[in-house]
Structures are given as C-alpha cells and as structure tokens.
Engineer: 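Sharing a structure below in structure tokens format, with a few things to ask.
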Amino acid sequence: MNEKLVCTDSGIEIKKVYYPLPTTDVIEMPGQFPYTRGVQSDMYRGKLWTMRQYAGFSTAEESNKRYHYLLSQGVMGLSVAFDLPTQIGYDSDHALSEGEVGKVGVAIDSLEDMEILFQGIELEKVSTSMTINATGFILLAFYVALAKKQGADLTKITGTIQNDILKEYAARGTYIYPPKPSMRIITDIFEWCSQALPKWNTISISGYHIREAGSTAVQEVAFTLANGKAYVAAALAKGLDINVFGKRLSFFFNAHNHLFEEVAKFRAARKMWAQLMKSMGATDEKAMMLRFHTQTGGATLTAQQPLNNIARVTIQSLASVLGGTQSLHTNGYDEALSLPTEEAARIALRTQQILAFESGAPDTVDPLAGSYFVESLTANMIQEASALMEKIEAMGGAVEAIEQGFMQDEIARSAYTYQRNIESGQKIIVGVNKFQIAETNKVPPFKIDDSIQQIQTEKLLKLRAKRDQLKVTTVLEKIALTATTNENLMPIVIEAVENLCTLGEIADSLRKVFGEHR
C-alpha cells in the first residue's frame, strides 16, 4: 500500500520516523558561532524576549492612549503602525491620501504629531520599533528631534526602524524612490546612526511581508538573507565598517502554524547569517549574530470562527520562543475583521505572558535541540534556502533578482499553489474548508472614523500658518541639493523636521531629485 506523502508547508518531505543525523565532532553551543542554538548562552533564563504589541490607528492622540494602556498591561516595548499615506510620503491633506488617513496605522505628518504620539512616554526609557520603510529616515528624524526636545541622551535611545526597502519591491509595495537612491538613503542611516545613535537598530530586514505575500518558509529565509546581503554589500561599498554597522542589523520574521518547520527556520536562519557575515569580513562575534523580532502570521488568521485564531497565535508564539526570538508581537484574534480591539490586544499580550511564566518553554536554551526531527528539518532548511540564494547570487544579487521579477514570481507561484491546495481540500484550514458552522459574526469590529482626515488637515493648516516659511523653503532646497552630492542626508532632514517641515514636503523634495519607482 502506498503511503500518503506528508510534507511541511515548504514542501519538505516529512518521514514517518527520524533517527540521529550522522554525528560530527563539533557540538554547537548557544551564544557561540554559528549561533544555531541562540545568540545568548543563557537565552531567556537571563532575560525574557521583549513583549511588544503592534499598535497605531487614527490620530496620534488615540494611538497614545493605546500605548499607555499597553504599557500599563506589561508591554516592554512599543511597536508603531503608520497609515498608508505616512508610509508612502504623502501628508494627510494630499489628494492621494483620501480615504486612507488613520486607517491601517497612525497618521504622522509633522514633529508635532510625533510629540502627541509619545506624550507622557520618556523615549530614553522605552524601546520603540517603527514599521516604516520608504519614509523611515523621516520618521527617524521626527523621533530623534523629539528625543532632543525631551532632553534625552541620544546614545541611550533604543529601538528599530524597519527601513527594508528591497522587500517592498518584492512583496509589499510601499516604495517611493527607485532601488539605487533608496539604498543610498539606507546606507546614510547606517552611517549617521553608528555615530549619533549607537544603540539604534538601523534596519529590520523583513521576511514577515515576504511570507504574508505567500512565500514558503524556505523562500522567507532565502529572500530575507539575500536582501540582507545586499544591504551589507552597499554599506561596505560606502566604506562603512562591517563590525560596527553589522551589530545594528536586525531581522523580522513571520511565525506560521507548522510548529516544527518554524522552529527549524529560525535556527537555520541564524546559522546561515553568521556564516554569511563571516564570509563578508565580519570578525566581531556580535556583528555575526542574527537577532530577530517575530510577529505571528497575519495571513493565517481567519474571519470564520475568529476565536480559533487564539489557538493559532498560541502555536505561532510557541514556535517563536522555541526558535529563540529576541522580541515578539502576538496578533489579535479579530484582525481578519478589523484593527484589534482593546480586548483582543490584551488576550494577545496575555498569550505571551502565559508562555513566559506558565509554559516552561523559556526554562532551558534551545529546548528542541537534539530532536531528530527538528535537527533534520534545520539541515533541510539550510540546504534548500542556500540553493535558492545561490540562484539569486547568479543573477547578480537581490537588487537584480528583484528588478528581473524573480522573487516576485517565486512568491506568486507559492501563493497560488497554497491557495489551490486549500480550495481542493488538500490543505485543511479549520473552520474555513472543514469543520464549518453556520455563524453570525458577533465580534464587534474596530472602525476608524472618516473624519480623521479633516482633523489632520486642520492640524496641518495651523502648523503651516505659524512656522517660518522662509526657513522651510531654504531647508527643503538644501535637502534636494544634498541629494545630488555624497553628503549624508540625515542631519539636514533632522534640521527640516525641527523647522516644522512636513513628511510630505520632505518626501517631495527628494522625489524631484530621485524620481519615483514604477
């Protein structure tokens, strides 16, 4: 009798039973190169992962209330979601912002909005992650200007900007400028932060959105690390020290439902990155460490029987912890329907806290090490992701692979296959294509009022009426001029935000020089 072939979601065949892998003389230790078993020798026994909750909606005032609530409930770090106009460099009163202001994140047009967003929160005492890419340099400038106003010591400011533009071209779409000037902005940030903001993570190289777009776990690792290699190469070409900027690179991964494949993915990614950084000239161990944030899989959440998502998020969170994440965001069970309600955000946070204090998962380092299954999957993941990275390298690297549409095509093919398997019933999604019930949705959706655009427009009118217009014009012209030279853009952008230039104005001054990616 032919047995049914069983595979992971990446198509890696799963055997009925596993036996020890051929042994080597090398016993890998946690906290030591190549970091397969974790970047710290004691992992969570020394310090738990940072518990973050991703939040941002409506106005800065409303988001500020949610941040204070989350901090009161035990969140250790803030994670800011920005609305679509903010992400693609348009002020809230721009015609293209119509209908999108405050919808998928908070609207931030100026330094004044940033002040309201963090009112009552000392930036020196909180770690802030900002999911922002094309306009990441402007949001960082707002944050730095606010820290200076608070009298904070910039050398103590901690946090991350996503700042990963390559995955925008490959998977997500919120880019502004073409790849080459975008890479220049990113290396300017690396250079400026290495001197002025030494504890800031200058990029969060993101596999999350690659996976959300439909990639497999193997593709998530391969494409993310290929993008990371491109950023390192660009920084080296600029003359930056890999042992300095390498320590401030961080990663952002997805966690899906196949518990063991996800754990293997995290272990494999750490080993592959350490070896890659060493091959590119890193000698400082900290510059070889792959440190990462995880978010549970948004694409795995179902609108049908939404309370089932609590179980999904729990499995994904456990995979993240068993895989050695440095920080974690858990999705709300209602996010397939709307932005998370306060109740859903609280349950999501409690899921992390139960894992931390009740499950026993953090009690020992790399608890699944030595599992015949997990060790074999880790080796499979390294083999398959490495083969994919070699293909990208043969094309000339990540930028060229994206320009040729290779990554986009591979992701689209995987997404199509996955959806086809759901529709055929080959892949079971509980409550969606099996175990359905007649249901009436009783989860109250979190709605954002369309009046937000008017509120933001009025703020912008007042801002423009009171600022020194001559200073604004002068500094915007200086940004455009700096863009034509090799001079670092960050100091002049910070000067612009301190003179109350808006996000859209700064983005536009560079659009005139760099153009837009089509």
Engineer: Show, in sequence, the C-alpha distance, side-chain angles and deciding distance for Tyr143 and Trp200, and conclude whether the ring pair (Phe, Tyr, Trp, His ring centres under 6.0 Å) test is met.
Structural biologist: CA-CA 11 Å; Tyr143 197 83; Trp200 191 265; 5.3 Å; yes

Engineer: Are a donor atom and an acceptor atom from the side chains of Thr50 and Gln326 found within less than 3.5 Å of each other?
Structural biologist: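 There is no such pair (donor and acceptor under 3.5 Å, judged by atom type) between the side chains of Thr50 and Gln326.
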
Engineer: Decide whether Gln419 and Glu423 meet the rule of one side-chain donor and one side-chain acceptor closer than 3.5 Å.
Structural biologist: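 Yes, a side-chain donor-acceptor pair sits under 3.5 Å.
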
Engineer: Could you check whether Thr224 and Asn227, counting side-chain N and O atoms only, form a donor-acceptor pair closer than 3.5 Å?
Structural biologist: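 No, because no side-chain N or O of Asn227 sits under 3.5 Å from a partner of the opposite role on Thr224.
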
Engineer: Is there a side-chain contact (heavy atoms from CB on, under 4.5 Å) between Asn331 and Leu301 once you walk through the steps?
Structural biologist: CA-CA 9 Å; Asn331 289 328; Leu301 302 177; 3.9 Å; yes

Engineer: Give the C-alpha distance, both sets of side-chain angles, the deciding distance and a yes or no for side-chain contact (heavy atoms from CB on, under 4.5 Å) between Glu262 and Lys265.
Structural biologist: CA-CA 5 Å; Glu262 293 301 300; Lys265 177 186 81 179; 2.7 Å; yes

Engineer: Fit a plane to each ring of His517 and Tyr169, take the angle between them on a 0 to 90° scale, and name the class: parallel (under 30°), tilted (30 to 60°) or perpendicular (over 60°).
Structural biologist: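 His517 vs Tyr169 ring planes: perpendicular.
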
Engineer: Tell me, yes or no, whether the heavy-atom count around Asn486 atom CG, taken from other residues, nucleotides or ligands under 6.0 Å, exceeds 12.
Structural biologist: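 No, because the 6.0 Å sphere around CG of Asn486 holds 12 heavy atoms or fewer from other groups.
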
Engineer: Tell me, with the steps shown, if Leu476 and Cys501 meet side-chain contact (heavy atoms from CB on, under 4.5 Å).
Structural biologist: CA-CA 8 Å; Leu476 290 173; Cys501 293; 4.0 Å; yes

Engineer: Side chains of Arg464 and Gln469: donor-acceptor distance under 3.5 Å anywhere?
Structural biologist: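 No donor-acceptor contact under 3.5 Å links the two side chains.
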
Engineer: Please lay out, stage by stage, how Lys167 and Glu220 fare under the test salt bridge (Lys or Arg N to Asp or Glu O under 4.0 Å).
Structural biologist: CA-CA 11 Å; Lys167 66 96 176 50; Glu220 182 186 356; over 6 Å; no

Engineer: Between Leu140 and Met490, is any pair of side-chain heavy atoms under 4.5 Å apart?
Structural biologist: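 In contact.
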
Engineer: Looking at every non-hydrogen atom in both residues, tell me the closest pair between Gln453 and Ser92 and how far apart they are.
Structural biologist: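 Looking at all heavy atoms of both residues, the shortest contact is NE2-O, 2.8 Å.
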
Engineer: Side chains of Gln316 and Thr300: do they bring a donor and an acceptor to under 3.5 Å?
Structural biologist: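 Per modelled atom types, Gln316 and Thr300 side chains form a pair under 3.5 Å.
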
Engineer: Verify ring pair (Phe, Tyr, Trp, His ring centres under 6.0 Å) between Tyr231 and Phe245, making sure each step is shown before the conclusion.
Structural biologist: CA-CA 10 Å; Tyr231 294 124; Phe245 74 78; over 10 Å; no

Engineer: Exactly one of Gln87, Met130, His209 should register a side-chain contact (heavy atoms from CB on, under 4.5 Å) with Gln162. Which one does?
Structural biologist: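 When side-chain contact (heavy atoms from CB on, under 4.5 Å) is applied between Gln162 and each of Gln87, Met130, His209, only His209 qualifies.
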
Engineer: What distance separates Asp91 CG from Asp109 CG, expressed to the nearest 0.5 Å?
Structural biologist: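 Between atom CG of Asp91 and atom CG of Asp109 there are 5.0 Å.
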
Engineer: Over all heavy atoms of both residues, which pair between Met277 and Leu249 is shortest? Give the atoms and the distance, please.
Structural biologist: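 Closest approach of Met277 to Leu249: CE-CD1, 4.2 Å.
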
Engineer: Is there a side-chain contact between Thr296 and Asn254 (heavy atoms, below 4.5 Å)?
Structural biologist: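 No, too far: nothing below the 4.5 Å cut-off.
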
Engineer: Is any side-chain heavy atom of Val144 closer than 4.5 Å to a side-chain heavy atom of Leu197?
Structural biologist: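 Yes. Closest side-chain heavy atoms under 4.5 Å.
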
Engineer: Do Lys229 and Glu393 have side-chain heavy atoms sitting under 4.5 Å apart?
Structural biologist: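 Yes, at least one pair of side-chain atoms sits under 4.5 Å.
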
Engineer: Do Ile108 and Leu503 come within less than 4.5 Å of each other through their side chains, counting heavy atoms only?
Structural biologist: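 Answer no - side chains too far apart.
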
Engineer: Are Tyr333 and Glu343 linked by a side-chain donor-acceptor pair shorter than 3.5 Å?
Structural biologist: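 A pair is found: one side chain offers a donor N or O, the other an acceptor, under 3.5 Å apart.
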
Engineer: Can you confirm whether Glu122 is buried at CD, in the sense that more than 12 heavy atoms of other residues, nucleotides or ligands lie under 6.0 Å from that atom?
Structural biologist: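 Incorrect, the count does not exceed 12.
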
Engineer: With a 6.0 Å cut-off (strictly less than), is the heavy-atom count around NZ of Lys238, excluding the residue itself, greater than 12?
Structural biologist: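 Enclosed: over 12 neighbouring heavy atoms sit under 6.0 Å from NZ of Lys238.
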
Engineer: Decide whether a cation-pi geometry holds between Arg291 and Phe252; the criteria are a distance under 6.0 Å from NZ or CZ to the six-membered ring centre and an angle within 45° of the ring axis.
Structural biologist: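 That pair does not qualify as a cation-pi contact.
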
Engineer: Gln454 and Thr457: side-chain donor and acceptor closer than 3.5 Å?
Structural biologist: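 Result is no, nothing qualifies.
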
Engineer: Are any of the side-chain heavy atoms of Leu388 and Phe223 separated by less than 4.5 Å?
Structural biologist: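 Side-chain contact under 4.5 Å: yes.
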
Engineer: Compare every heavy atom of Glu124 with every heavy atom of Asp153, then report the nearest pair and how far apart it is.
Structural biologist: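 What the structure gives for the nearest pair is N-OE1, 2.8 Å.
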
Engineer: Taking all non-hydrogen atoms of both residues into account, name the closest pair between Thr330 and Leu349 and its distance.
Structural biologist: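 Scanning both residues completely, I find the closest heavy atoms to be OG1-N, 3.9 Å.
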
Engineer: Under 3.5 Å, is there a donor-acceptor pair linking the side chains of Arg52 and Ser127?
Structural biologist: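 Yes, because at least one side-chain N or O of Arg52 sits under 3.5 Å from a partner of the opposite role on Ser127.
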
Engineer: Would you say Asn308 and Gln305 are linked by a side-chain donor-acceptor pair, where the criterion is simply a distance under 3.5 Å?
Structural biologist: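 Per modelled atom types, Gln305 and Asn308 side chains form a pair under 3.5 Å.
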
Engineer: Residues in salt bridge (Lys or Arg N to Asp or Glu O under 4.0 Å) with Arg184, at least two apart?
Structural biologist: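 Arg184: salt bridge (Lys or Arg N to Asp or Glu O under 4.0 Å) contacts with Asp188.
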
Engineer: Looking only at non-hydrogen atoms, find the nearest pair between Val244 and Ser194 and report the distance.
Structural biologist: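 Distance-wise, the nearest heavy atoms are CG1-CB, 3.9 Å.
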
Engineer: Among Thr158, Ile121, Ile157, find the residue that satisfies the side-chain contact (heavy atoms from CB on, under 4.5 Å) test when tested with Val126.
Structural biologist: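 It is Ile121; the other options fail the test.
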
Engineer: Test Trp273 against every option in Phe251, Phe266, Phe292, Phe253 by the ring-ring contact (aromatic ring centres under 6.0 Å, His included) rule and name the one that passes.
Structural biologist: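 For Trp273, the ring-ring contact (aromatic ring centres under 6.0 Å, His included) check succeeds only for Phe251.
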
Engineer: How close do Arg248 and Lys199 get, heavy atom to heavy atom, and via which atoms?
Structural biologist: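 Arg248 and Lys199 have their closest heavy atoms at NH2-O, 3.4 Å.
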
Engineer: Side-chain contact test, heavy atoms from C-beta onward, threshold under 4.5 Å: evaluate it for Glu487 versus Leu481 and give yes or no.
Structural biologist: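 A side-chain contact under 4.5 Å is absent here.
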
